[in-house]
Amino acid sequence: MSKLDDPIQQGLQRGWRVLGGSHAAVPPTLLCDVAIIGSGAGAGITAELLTKAGLQVVIVEEGPLKSSSDFRQRESDAYPSLYQESAARKTADKAINILQGRCVGGSTTVNWTSSFRTPADTLEHWRTQYGLAEMTPPAMAPWFEQAERRLGIGPWLTEPNRNNELLRTGAARLGIAASSIQRNVKGCWNLGSCGMGCPTNAKQSMLVTTLPAALDQGATLLVQMRAERLEWRDGRVEALHCVPVADNSAPTGASGVRVTAKHYVVAGGAINSPALLLRSGVPDPHGLVGKCTFLHPVVISAATFADPVNGWDGAPQTLYTDHFLQTQPLTGAIGYKLEAPPLHPVIASSTLAGHGRDQADMLAQFPRTHSLLALMRDGFHAQSPGGSVGLRSDGTPVLDYPLNDFVMDGARRAFLSMAEIQFAAGARSVVPVHEEATPSTSWEEARRKILGLSMKPLLTRVVSAHVMGGCPMAGSEAQGVVRPDGTHWQLANLSVHDGSLFPTSIGANPQLSVYGLAAMLATRLAKRLTGNDVQLA
């Protein structure tokens with residue numbers, strides 16, 4: 001994809017107002033109608049809708065502006081430039097690795113395009129337990145539909161790659177249904193490198209959809225600029241202070257900018273959004289900011305097949321099964337969603353267990369390796385309270401997420417489910433991603449070994465790409481950081497529009513949930529601020 005075909009380069013040539021980093025200098029002060037912190041799922045939707053309503057918008061992004069001209073399907077390029085902490089962000093005890101975007105477009109630029117509406121039972125739980133009266137499937141459907149139209153979300157009609165087909169094959173042989181995952185793509189080339197940025201602009205991320213629309217409407221984008229703190233007084237935010245950062249997010253020491261706005265929207269993603277509120281010392285009478293942060297903790301099972309699987313080739317995550325969610329009560333023992341993630345050498349070698357000769361042997365089998373992952377649905381049980389975002393001495397965020405026996409029981413059951421499916425699909429050997437695990441050549445052997453594993457943090461490899469909560473919305477001040485309309489309970493001109501709003505995890509890949517919720521909140525915010533009715537293009 002040449003620069004001539006790159007919509008970001010074309011926009012810059014048209015005169016988009018992009019400041020910071022290698023772009024134009026940032027002035028010491030900026031004045032606007034709305035300042036939006038972040039540029040991911042919630043921020044992008046909000047930016048398009050508010051600019052369409054005629055508001056002057058400033059978007060603040062800590063990461064760089066990268067585009068298809070930069071996306072070369074190389075892990076060595078992508079992880080340091082597009083992810084928080086070079087794709088190595090970890091919980092406080094290092095027991096969970098967290099993948100989060102850190103670039104214009106946020107995680108939508110680097111996710112695997114999986115798109116699910118918020119499950120009905122999750123919405124019902126929020127309605128009954130958190131006073132969110134409007135959280136019903138019929139009430140939310142128009143907002144999801146609007147986002148789906150805008151972002152090309154629909155069925156993936158191409159045959160799944162073998163990595164995904166093996167999930168369906170094994171599940172079917174056990175009488176378990178597997179279904180297709182909707183994706184937000186147009187004209188996808190089926191390359192399989194979604195996690196490194198889409199080189200063909202097929203992925204309908206915020207980078208190529210809502211943010212260009214906002215910039216064409218006159219929005220200002222600040223890049224490599226961290227939202228450091230909110231200045232507030234007497235129930236209102238008065239200014240946002242930002243500092244320039246280097247490629248690795250370290251402050252450069254250069255002068256920052258003070259952004260003054262009528263309204264402020266925090267949409268930096270769970271972890272970063274609560275951290276901003278904590279650094280700012282905003283009112284938090286019930287101690288809720290940063291608490292109840294959820295991850296869908298993920299465990300992985302690796303299998304070796306006789307024939308090549310080539311898990312890097314073709315669209316990632318096109319099939320799933322919710323069998324182990326649907327057969328588990330929402331508020332009972334932790335349930336899990338199964339999917340087949342893509343496999344690329346760097347992310348695989350840094351995630352799968354083993355080192356030295358064991359790792360060399362594993363990589364020698366890489367073309368024939370298949371993996372399944374289990375997304376555990378956290379936040380619905382008293383023993384699954386999630387984690388807590390705190391601040392290091394330099395003000396950067398860290399998430400403490402204890403992996404207790406309740407969660408680890410779910411991990412063991414997930415290992416069993418995945419191994420049984422992989423053997424049913426014809427695997428020669430299966431090994432759960434656990435430091436004590438060794439490969440098994442039969443389901444019976446695998447079952448015995450998995451039941452004998454010590455399910456402890458650090459021994460059990462746990463990862464996540466879904467961070468939710470930390471600024472929950474609720475119908476009462478005692479339960480939520482923000483109101484059901486997204487407005488902060490104590491600061492009248494501050495809103496939150498991202499996944500940190502979720503009172504629990506959702507039990508599905510969260511991007512469409514953020515899109516739909518942000519569409520609702522931003523549409524109504526635009527109406528309150530301008531009186532204008534708007535909708536996504």
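All values derive from a computational prediction rather than experimental measurement. Residues: numbered from 1 along the sequence shown.
Evaluated for a side chain to side chain contact (heavy atoms under 4.5 Å, CB included) with Phe71, the options Thr109, Asn201, Asp77, Thr200 yield exactly one hit, Thr109. For the side chain to side chain contact (heavy atoms under 4.5 Å, CB included) with Val467, the qualifying choice from Ile98, Val389, Leu99 is Ile98, the only one to do so.
What you find for Gly486 and Leu521 is that their closest heavy atoms are N-CD2, 4.0 Å. Heavy-atom minimum distance, Pro316 versus Arg183: CD-NH2, 3.9 Å. The two atoms that bring Val266 and Ser273 nearest to each other are CG1-OG, 3.2 Å, heavy atoms only. Val482 and Trp489 make their closest contact through O-NE1, 3.0 Å (heavy atoms, listed as atom of the first residue, atom of the second, distance). Residues Pro199 and Leu191 approach most closely at CG-CD1, 3.7 Å, considering heavy atoms. Heavy atoms only, all atoms of each residue included: Ile181 and Ser115 are closest at CG2-N, 3.9 Å.
By the 4.5 Å heavy-atom criterion applied to side chains, Pro283 and Trp232 are counted as neighbours. By the 4.5 Å heavy-atom criterion applied to side chains, Pro341 and Gln317 are counted as neighbours. Using a 4.5 Å cut-off on side-chain heavy atoms (C-beta onward), Asn164 and Tyr320 make no contact. Put simply, the side chain of Leu207 reaches to within 4.5 Å of the side chain of Leu65, judged on heavy atoms. Looking at Leu277 and Leu494, their side chains come closer than 4.5 Å, going by heavy atoms from C-beta outward. Counting heavy atoms from C-beta outward, Glu339 and Leu319 have side chains that stay 4.5 Å or more apart. Between Pro137 and Leu123 there is a side-chain heavy-atom pair separated by less than 4.5 Å.
To the nearest 0.5 Å, atom CG of residue Leu501 and atom CE of residue Met473 are 5.5 Å apart. Interatomic distance, Thr530 OG1 to Asp33 CG, rounded to the nearest 0.5 Å: 9.5 Å. Summarising the geometry, atom OG belonging to Ser371 is positioned 4.0 Å from atom CG belonging to Leu343; distances are rounded to the nearest 0.5 Å. Glu62 contributes atom CD, which lies 10.5 Å from atom OG of Ser39 (distance to the nearest 0.5 angstrom). Here Leu399 contributes atom CG and Phe294 contributes atom CZ; the two are 11.0 Å apart, rounded to the nearest 0.5 Å. Here the straight-line distance linking atom CE of Met196 with atom NZ of Lys66 works out to 16.0 Å at 0.5 Å rounding.
With sequence neighbours left out, the side chain to side chain contact (heavy atoms under 4.5 Å, CB included) criterion links Pro251 to Arg226. Take Ala508 and apply the side chain to side chain contact (heavy atoms under 4.5 Å, CB included) test, not counting sequence neighbours, and it matches Phe116, Pro119, Lys337, Ile506. Applying the ring-ring contact (aromatic ring centres under 6.0 Å, His included) rule to Trp312 yields the partners Phe366; only residues at least two apart in sequence or on another chain are considered. Here Arg392 pairs with nothing under the salt bridge (charged side-chain N to carboxylate O under 4.0 Å, His left out) rule; sequence neighbours left out. Here Arg14 pairs with Gln10, Trp16, Asp216 under the side chain to side chain contact (heavy atoms under 4.5 Å, CB included) rule; sequence neighbours left out. Not a single salt bridge (charged side-chain N to carboxylate O under 4.0 Å, His left out) links Arg72 to another residue, sequence neighbours left out. Remark: Asp313 engages Asn310 in a side chain to side chain contact (heavy atoms under 4.5 Å, CB included) (not counting sequence neighbours). The ring-ring contact (aromatic ring centres under 6.0 Å, His included) test applied to Tyr515 returns no partner, not counting sequence neighbours. With sequence neighbours excluded, no residue satisfies salt bridge (charged side-chain N to carboxylate O under 4.0 Å, His left out) with Glu145.
Although no hydrogens or angles enter the test, the distance criterion places a donor-acceptor pair under 3.5 Å between the side chain of Ser350 and the main chain of Ile347. Looking only at distances, no side-chain donor or acceptor of Asn272 sits under 3.5 Å from a matching main-chain atom of Gly269. Within the 3.5 Å criterion, the main-chain N or O of Ala202 finds a donor-acceptor partner in the side chain of Gln204. No donor-acceptor pair closer than 3.5 Å links the side chain of Thr504 to the backbone N or O of Gly379. Judged by distance alone, with hydrogens and angles left aside, the side-chain atoms of His241 form no donor-acceptor pair with the main-chain N or O of Gly256 at under 3.5 Å. The backbone N or O of Ala88 lies less than 3.5 Å from no partner atom in the side chain of Ser86, so there is not a single donor-acceptor pair. Checking side-chain atoms of Asn493 against main-chain N and O of Val237 turns up a donor-acceptor pair under 3.5 Å. Glu61 contributes a side-chain N or O that, together with a main-chain N or O of Gly63, makes up a donor-acceptor pair within less than 3.5 Å. In this structure, Asn184 contributes its side chain and Ile153 its backbone to no donor-acceptor pair below 3.5 Å. Distance alone, capped at 3.5 Å, places no donor-acceptor pair between the Asp400 side chain and the Gly387 backbone.
In summary, the side chains of Gln511 and Asn111 do present a donor paired with an acceptor at a separation below 3.5 Å, with no hydrogens or angles considered. Using modelled atom types, one finds no donor on one side chain facing an acceptor on the other under 3.5 Å when comparing Thr158 with Asn190.
Listed by first then second residue, pairs satisfying side chain to side chain donor-acceptor pair (under 3.5 Å) with a partner in residues 279-295 number zero, not counting sequence neighbours. Every pair passing side chain to side chain donor-acceptor pair (under 3.5 Å) that includes a residue from residues 42-52 is listed here, sequence neighbours excluded: Thr46-His497, Glu48-Arg150. Sequence neighbours left out, the pairs with a member in residues 94-103 that pass side chain to side chain donor-acceptor pair (under 3.5 Å) are Arg89-Gln100, Lys90-Asn97, Arg102-Ser249.
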Report the C-alpha separation of Leu512 and Thr118 in whole Å, then their side-chain angles, then the decisive distance to 0.1 Å, and conclude whether the side chain to side chain contact (heavy atoms under 4.5 Å, CB included) test is met.
CA-CA 8 Å; Leu512 180 51; Thr118 314; over 6 Å; no
Under the criterion side chain to side chain contact (heavy atoms under 4.5 Å, CB included), I'd like the reasoning laid out for Thr220 against Cys32: C-alpha separation, chi angles, the key distance, then a yes or no.
CA-CA 9 Å; Thr220 297; Cys32 61; over 6 Å; no
Determine, step by step, whether Tyr264 and Ser495 satisfy the side chain to side chain contact (heavy atoms under 4.5 Å, CB included) criterion, reporting the C-alpha distance in whole Å, the side-chain angles of both residues, the deciding distance to 0.1 Å, and the verdict.
CA-CA 6 Å; Tyr264 300 80; Ser495 295; over 6 Å; no
Yes or no on side chain to side chain contact (heavy atoms under 4.5 Å, CB included) for Val265 and Val496, after CA distance, side-chain angles and deciding distance?
CA-CA 5 Å; Val265 176; Val496 177; over 6 Å; no
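Salt bridge Glu148/Arg117: present, at least one basic N to carboxylate O contact under 4.0 Å. Taking the charged nitrogens against the carboxylate oxygens, Asp485 and Arg524 have no contact shorter than 4.0 Å, which rules out a salt bridge.
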